[in-house]
Amino acid sequence: MCVTSSGTLKMAESKEEVDVLVMRVVKDITNAFKRNPNIDEIGVIPCPGARYNRSPIVLVENKLGVESWCVKFLLPYVHNKLLLYRQRKHWLDRETLVDITCTLLLLNPDFTTAWNVRKELLQCGVLNLEKDLYLGKLALTKFPKSPETWIHRRWVLQQILHQFSAVARSRKQHHQGEVEQADAERSQQLSDYLARTLHQEMKVCSDAACRYPSNYNAWSHRIWVLQHMAKGNAKVFHDELSSMRLWVSMHVSDHSGFHYRQFLFKELITELSQTPACTTTSSSKHQSNTVPSSSSHHHNHGQANGELSGAEAAGGEERWLRFTKILQLFHQEMELCSDLIQSFPGHETLWSHRRHIFYLWHHLRREHQQHCSSNGSVESVHFNNSDPCLPEVGAQSCAGQGVSVNGQKHINEPMEVDAASLPDPHDSKRLKRGIMLPAPPALLSEHNFVSSILDTCANPEQRRFAMAYKKWLDTVIGQQP
Amino acid sequence: QGTQVKDVIIKPDAPSTLLLDKHADYIAAYGNKKDEYEYTLSEYLRMSGIYWGLTVMDLMGQLPRMNRQEIIDFIKACQHECGGFSASIGHDPHLLYTLSAVQILCLYDNVDAIDVDKVVEYVKGLQQEDGSFAGDKWGEIDTRFSFCAVATLALLGKMDMINVDKAVEFVLSCMNFDGGFGCRPGSESHAGQIYCCTGFLSLTGQLHQVNADLLGWWLCERQLPSGGLNGRPEKLPDVCYSWWVLASLKIIGRIHWIDKAKLRTFILACQDEETGGFADRPGDMVDPFHTLFGVAGLSLLGDEQIKPVNPVLCMPEDVLQRISLQPDLLN
Ligand SMILES: [Zn+2]
């Protein structure tokens, strides 16, 4: 390729000559992408000077390299060229704009104006949205934090979402006959496309998170993507939570990764604590929007629940399942957290995670209590009288966990509900299916956990974090009702 | 078994006195010696770069050493049709650089040099229905931009031009369980974002909405054994985060909760005795950004060789007195 560019770039005499040579290097980059559409990483190859007869653009397998000597010429040159165009002092055709913004952004991805030029090209259809997601992905392989690259991605994704909702709207307008058939297909294609895009975004975020620890921009982008592209899709949140389990276990210092897990956790808990839409029973009014189902306290207090209508029974069943699921999630999360704290002493991130999960539980409980007290029904009153309603479950479980802190893991296993105390037919049905009630967090078990760390661990950091957690429990949690 | 806590060790021969003259020389010479490549790489934030340099010079009482007319002409050339400012000539306008431009003009007591009404119109136009602010016409949302918007308007005395209640509502929706704030609802707490959000609430008179004890707690936990502060758990200490955390603590009236002497030692150790200027950490390369936040941090810690700095706007207090702007602080 550019036979003379490398050798003579430095000594090129006239401005015109430099222009020709630099633009050849820009073209080399464009052509590299044409030759290999699967380039997956970019980098600068340390190289003090030009080598005769060779392009400074090197393609090795799927890696695109730029020799370091040429970056110093290339970047200022194309940078100024774009700025002159922006000031309408110099005309550039669209193809050149595409090529030089690509070069510029791979070398300096925080050059906001270059991304904006591409937004304009996208708007007039010169570029396509996927190509820009791809360019951003490549830039992130070398600059995993680059705020402007993440910002541009969100803009591109917004465009994709707009297209999607435009199609969905037009689909609603005509809904008859053959049109409907064609529309259904198109709609299916679009949702497949959206699902693929979502998946790809998650991958881009993971890669960037692995390249730079506690990558705020990558993780907050991931949250944005879920909020905008997977709203209300519990399956996606579930899958993310499962896949994050291994990731956080391998990145115990990554506060941003853990925050993402907390975000997923909170979303799932919130979703579960909302009563399903089919609230047809008369009693549903005071039961909506709360976590603990009334069934749970019947378990704990061994009270039969009179005569439920069929619908009420079904609603109760659903609530019970949700409540169990919530307890299970909290139980598993605290267990994971304990394991990690014990296996990797001295990580502030893990202790901060513990605070967050415990706080969520505490908050949920309080919300429920407030909800109960603002309600006049017999059942609610009973809830209040049996104060604390949910802690009742906690009180039982913390006895178990109190032992477990000495390392006897088996105690942490879900406890079985005492069948003798459950005369309610619906409840015994549950029991036959073997439903267990997992242990949720409790203040006492947390204190026991801290004591066990202080008793057994000599690591000064671990002790410092354990003490801070204890103080946090006493002041932040302890001062709240 | 376990890992070392992420921190730096301050060497016994690290600088321990403030080298003000060196820093002034470093900033004064900064514009001249840069090579084209370096200049290009950072041109996208030039306007903020100028604000950092001028502010630290003013805090050191050295503002007259900078070329006032050249800078004001540059700023004028960066104002666009829409009223917003770009980082440099030929770049696109953005709230970040609009605030920097207005801050510089306040330092020079020369806001009249630009079309103020157009600036206000620009800022106002970026407010969204939910009260948040986009950084520019392309729509990115971030609590940083909420801060830029109200700070710009406060400096221009035009706060009433936006829907303040809605703006406050959005910022509060970004508050987390630890008392901190992130860039958007649901995002992780981050010292830089906390600075923006507490600064925002100060300028809008809403600091009572902060859980000062809880947030103060989190902020104090940023102090590491070296005395330096980090911006999030398990990150290294950094002079710029030391400023953001310290300024936030000052705003919420909890600055006495950290070990000031140790922080001072850390900041002083980040100076370069030869070149002047401050780096992010001891021994690293210096830059104007960390030089401003190093000097401003020492000012907040009470160093009397430096002018008092305002924690909300990171500008000399005398400049704000001139325009009668006194952002709230908790006590
Ligand atoms: Zn820094």
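Every chain is numbered from 1 and lettered A, B, ... according to where its sequence line falls, protein lines coming before strand lines.
Taking 4.0 Å as the cut-off between side-chain N and carboxylate O, B/E221 and A/K471 do not count as a salt-bridged pair. Salt-bridge annotation for B/R222 and A/E348: present, with a side-chain N of the basic residue lying under 4.0 Å from a carboxylate O of the acidic one.
With a threshold of 4.5 angstrom between heavy atoms, A/V117 does not approach chain B through any atom at all. Proximity to chain B (any heavy atom under 4.5 Å) is shown, for A/R355, by both the backbone and the side chain. Proximity to chain B is limited to the side chain of A/I223, based on heavy atoms less than 4.5 angstrom apart. With a 4.5 angstrom heavy-atom cutoff, A/Q227 touches chain B only via side-chain atoms. A/W224 touches chain B through its side chain: at least one heavy atom from C-beta onward sits under 4.5 Å away, while N, CA, C and O do not. In this structure, chain A has no heavy atom under 4.5 Å from any part of B/D142. Proximity to chain A (any heavy atom under 4.5 Å) is restricted, for B/D35, to the side chain, taken from C-beta onward.
Among A/F258, A/Y85, A/W155, the residue making the largest number of heavy-atom pairs under 4.5 Å with chain B is A/W155. For chain A, the option among B/F177, B/Y44, B/W218 with the highest count of heavy-atom pairs below 4.5 Å is B/F177. Looking only at heavy-atom pairs under 4.5 Å with chain A, the residue among B/A87, B/P185, B/C183, B/G139 that has the most is B/C183.
With rounding to the nearest 0.5 angstrom, the OG atom of A/S256 is 4.0 Å from the CZ atom of B/R232.
Here the closest non-hydrogen pair linking A/L75 and B/Y37 is CD2-CE1, 3.6 Å.
No side-chain donor from either of A/S214 and B/K235 sits under 3.5 Å from a side-chain acceptor of the other.
Using bins of under 30°, 30° to 60° and over 60° for the plane-to-plane angle, the ring pair A/H79/B/H91 lands in the tilted bin.
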